[in-house]
Amino acid sequence: MKLDSLTLHHLSMPLVAPFETSFGRETERECILVTLQSEGLTGYGECVASREPGYNYETTGTAWHILKDFIAPLILGRDIADALDFQKRVERIRGHHLAKAGVEMAIWDLLGKREGKSLKEVFGGERDKVEVGVSVGIQESAAALMRTVEVYLEQGYRRVKIKIKPGREVEETTIIRKKYPDLRLQVDANSAYTLETAIALDPLDDLNLLLIEQPLFEDDIWDHRKLQARFKTAICLDESILSPRHVRYALEMEACRNINVKPARVGGLSRAVIIHEYCRERGVPVWCGGMLETGVGRASNLALASLPGFVLPGDISASDRYYHRDITNERFVLNDDSTITVPNEPGLGVTIDEEALERFTISKLILKH
Ligand code: OSB
Ligand code: MG
């Protein structure tokens, strides 16, 4: 598959509501749309780096640099066989997983389109629709959180994740649990605690949560082992897992009981699929995380989450939870059973709304062989 050109669109998209986590608050979502032209076909990928290095050290700025100056020269005009071939070529670039994953997604879109198969089919997915939940940012008060959660439950979400940080965890999580004793509820700290301050999380252990996501340092696995040892509730790692190797470390250390799989964070869909297989063989539940994706990344997440080992609901909400207007013509909606239908058309199965793309583009670069 000869790659003829690579186009980058740096996008800034207004969110329906601000999204606040322990590391910051976003009112606009930045990302980079990656477009590959190959032999008459067009493939799309989303690089999910954000404007600020809060969740991950990469930003839209660093990703732009790595894509333009390092990844593009390694692939343009070259014959790329598949995702593994791509990974081999970019192996010499250390880190920068979000940048690599954006291109890998576009390669998968091309491969699917060439074969006339959806990514679900290509990956061996087994579900036509996947169970999803909603990730609720930190709100002004516990009362405001209650109102926000109520709205999502009315919309039909049956799994809720609440973002927490020191001082904003026990009251918040407890009132939601009291009001909804049977709700599938989980929390995400985005690395906001140390082993010492994590004592504040102890009361959460009695709230029958599905899991507690990434309480400790993003570059740590060992201390999560210590925390997991004293918690009944499953610890789930997000930020700490950057590769299939990290998954092995975490499981061998018993640092967690399940994994949030984000293809971008681990360097691409191919590596997410490897992690899925590794966990499935060991009976470790995984679920698909989210990065407030546009319709492009959402389609990719749905294809991945159709694999059989994705047994916990994903952070893949409907398009209208994020954006009034998206860059895809397709909009993803929540079904009555808190699922979203997996795209069926070849590749990612989405098309671009060129007018919306234009509206949200803050800069554009076309690189040709
Ligand atoms: O930690 O899971 C996270 C969004 C941006 C960065 C990190 C995270 C998140 C989310 C949102 O929780 C998930 C979604 O896309 O709905
Ligand atoms: Mg997380």
Side-chain angles (χ1 to χ4, degrees), residues 13 15-31 46-60 63 97-98 101 130-139 145 148-149 152 155 157 159-165 169 185-193 209-218 220 224 234-242 246 250 256 258-266 272 286-302 304-305 312-323 326 332 334 338 340:
M13 302 181 43
L15 288 164
V16 164
F19 189 70
E20 186 172 331
T21 59
S22 61
F23 58 81
R25 184 180 166 93
E26 281 174 284
T27 52
E28 247 121 54
R29 173 70 186 158
E30 286 198 15
C31 66
E46 178 170 344
C47 169
V48 300
S50 13
R51 202 180 72 80
E52 289 177 24
Y55 167 76
N56 190 285
Y57 67 83
E58 291 182 77
T59 65
T60 38
H97 285 179
L98 310 188
V130 303
E131 273 193 295
V132 302
V134 62
S135 171
V136 184
I138 296 170
Q139 309 287 306
L145 173 67
T148 305
V149 167
Y152 286 129
Q155 291 173 2
Y157 291 102
R159 190 231 68 185
V160 171
K161 159 168 137 180
I162 56 186
K163 293 287 193 178
I164 57 168
K165 67 177 182 182
E169 70 289 86
L185 184 64
Q186 60 193 60
V187 295
D188 185 0
N190 287 110
S191 300
Y193 298 83
L209 303 179
L210 277 178
L211 56 93
I212 299 174
E213 186 177 342
Q214 196 69 37
L216 307 178
F217 318 99
E218 93 284 351
D220 163 82
H224 279 105
I235 303 286
C236 170
L237 293 180
D238 174 354
E239 283 91 329
S240 298
I241 303 295
L242 304 177
H246 288 163
C256 66
N258 53 58
I259 306 278
N260 169 329
V261 182
K262 288 183 186 169
R265 196 194 61 227
V266 300
V286 302
W287 56 287
C288 182
M291 291 291 288
L292 311 175
E293 285 88 349
T294 72
V296 173
R298 194 164 319 289
S300 165
N301 284 342
L302 287 165
L304 182 70
L312 292 166
D315 273 350
I316 316 172
S317 309
S319 306
D320 67 2
R321 179 256 175 273
Y322 307 95
Y323 304 108
D326 205 337
F332 294 98
L334 191 68
S338 193
I340 296 184

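Whatever order the structure lists ligands and atoms in, that order sets their numbers, starting from 1. The first residue of the sequence shown is numbered 1, and numbering continues consecutively from there. Keep in mind it's a predicted model, so treat the numbers as computed, not measured.
Around the Mg ion (ligand 2), the angle linking Glu213 (OE2) with Asp188 (OD2) is 90°, rounded to 10 degrees.
Within the 4.0 Å heavy-atom criterion, neither part of Ile316 lies near ligand 1. Contacts with ligand 1 closer than 4.0 Å are made by no heavy atom of Thr21, backbone or side chain. At a 4.0 Å heavy-atom cut-off, ligand 1 does not touch Gln214 at all.
Checked against a 3.5 angstrom limit, the closest N/O atoms of Phe23 and ligand 1 fall outside it. At a 3.5 angstrom cut-off on N or O pairs, Lys262 counts as close to ligand 1. Between Asn260 and ligand 1, a contact under 3.5 Å exists for no N or O pair. For Tyr55, no nitrogen or oxygen atom sits less than 3.5 Å from a nitrogen or oxygen atom of ligand 1, counting backbone and side chain alike. At a 3.5 angstrom cut-off on N or O pairs, Tyr322 counts as close to ligand 1.
Of the N and O atoms on the side chains of Glu239 and Asn190, at least one donor lies less than 3.5 Å from an acceptor on the other residue.
Ionic pairing of Asp188 and Lys165 is not present here: no N-O contact between side-chain nitrogen and carboxylate oxygen is shorter than 4.0 angstrom.
The contact set between ligand 1 and Gly290, taken as ligand atoms under 4.0 Å from a residue heavy atom, comprises 4 (C), 8 (C), 9 (C), 10 (C), 11 (C), 13 (C), 14 (C), 15 (O). Every atom of ligand 1 with a heavy atom of Ser135 under 4.0 Å away is listed here by number and element: 10 (C), 11 (C), 12 (O), 13 (C).
The shortest side-chain heavy-atom distance between Leu15 and Glu28 does not fall under the 4.5 Å cut-off.
When hydrogens are left out, the protein atom nearest atom 15 (O) of ligand 1 is Leu292 N, 2.8 Å; that is the closest non-hydrogen contact.
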